[in-house]
Amino acid sequence: MIGRAVANEFAKMRRLRVVPVAAAMTVGVVALSCYALAAPGFLESVDDPAARPWQWLLGNMALAVLLVSPVLLAVLASRQVDIEHRGGGWLLSQTSGLAPGALCRAKFAASGAVVVAATLAQSGLVAAIGGLAGITVAFPVGQWLGYTASAVVVNLVLFALHLWLAARTGNQLVGLGVGVLGVFVAVSGTGMSTGVAHLLPPWGYYALAVPVDVRETGVVSLDPPYLSVAALGVVGGALFLFATRLFDRREV
């Protein structure tokens, strides 16, 4: 039943413009990341290990993700759910044996795959652009993959939150408003202490995942709390499962 429901959700994506939204998220992140290439002296330092050009580019990507993702993930969740509110999809699904919470989980499985693909595409494209720009110093594989994995986790948890919120309220402006507010929280988190950012899930975890910082001495690597990000994924997944189980009992 769930497998067929997930397949149905993939079929719905063709007319819900899910791929263009995911593409917009990818293009937005890549475009903002590439501002590093226009920084004074960047192109002259692409072969200087001391200048750490890959870390500059990675830091720009981390900032771009927290600026772009909260809003577009809210839009993506809204598009997935609004069709059910408008077309009586909850009732139709329930009469066919698929409870509302199960439908939400199917939507997350299908759309979550798109979110993961978009996040990986962002990372891969920014790395490719860095190579095309002529960066010849050693590529920081571990640091790059660590941030990419963290971004995937935070994006999925935030998407799950917006999907649940969109399902629980018929007014999709609520979720979009939360998405806009999330940008401010995520940006503010970059200036907060690690302890405070931990208290602002999931948006504060974008700041926790930032792998570099710019200081007077130049760009320096940070030690992101990957265990905290992993814990966010586990707790977020458990809460989403619990919330959708409760949604299964809702009368539609």
Side-chain angles (χ1 to χ4, degrees), residues 22-23 25-70 72-73 112-159 186 189-190 194 197-198 201-234 236-237:
M25 186 170 72
T26 300
V27 170
V29 169
V30 172
L32 289 175
S33 301
C34 289
Y35 272 111
L37 303 179
F42 181 87
L43 294 179
E44 289 73 26
S45 65
V46 293
D47 56 355
D48 182 6
R52 312 193 76 186
W54 282 118
Q55 281 73 17
W56 275 103
L57 200 57
L58 182 57
N60 266 37
M61 182 172 70
L63 179 61
V65 167
L66 64 84
L67 288 173
V68 172
S69 295
L72 288 183
L73 288 175
V114 175
V115 171
V116 171
T119 307
L120 295 178
Q122 295 163 8
S123 179
L125 287 171
V126 172
I129 289 172
L132 291 174
I135 300 178
T136 57
V137 300
F139 182 70
V141 177
Q143 192 175 40
W144 203 282
L145 292 180
Y147 173 73
T148 302
S150 297
V152 167
V153 171
V154 180
N155 278 348
L156 284 176
V157 172
L158 183 57
F159 178 68
T190 60
T194 300
H198 272 93
W203 303 279
Y205 283 70
Y206 281 118
L208 290 176
V210 173
V212 299
D213 190 19
V214 178
R215 299 175 182 171
E216 293 182 357
T217 56
V219 61
V220 296
S221 295
L222 302 176
D223 187 19
Y226 293 125
L227 286 178
S228 295
V229 176
L232 173 72
V234 173

Seminar exercise, completed: The side chain to side chain donor-acceptor pair (under 3.5 Å) partners of W144 (sequence neighbours excluded) come to S123
Problem set entry | Contacts of F159 that satisfy ring pair (Phe, Tyr, Trp, His ring centres under 6.0 Å) - sequence neighbours left out | none
Can you name the side-chain contact (heavy atoms from CB on, under 4.5 Å) partners of [X], sequence neighbours left out?
X    : value
T136 : D47
P211 : L58, A62, Q143, Y147, P224
T26  : V30, A118, A121, Q122, L125
V137 : P49, P53, W54, I135

Problem set entry | Working for side chain to side chain contact (heavy atoms under 4.5 Å, CB included), residues Y206 and L158 | CA-CA 10 Å; Y206 281 118; L158 183 57; 3.5 Å; yes
Problem set entry | Qualifying side-chain hydrogen bond (donor to acceptor under 3.5 Å, both in side chains) pairs, either residue in residues 27-41, two or more places apart | none
Exercise. Can you pull the salt bridge (Lys or Arg N to Asp or Glu O under 4.0 Å) pairs that have at least one residue in residues 117-138, sequence neighbours excluded?
Worked result: none
Problem set entry | Within residues 137-156 or reaching into it, pairs that qualify as salt bridge (Lys or Arg N to Asp or Glu O under 4.0 Å) - sequence neighbours excluded | none
Problem set entry | Side-chain heavy-atom pair L208, T194 within 4.5 angstrom cut-off | yes
Exercise. Which residues pass the salt bridge (Lys or Arg N to Asp or Glu O under 4.0 Å) test with D213, sequence neighbours left out?
Worked result: R215
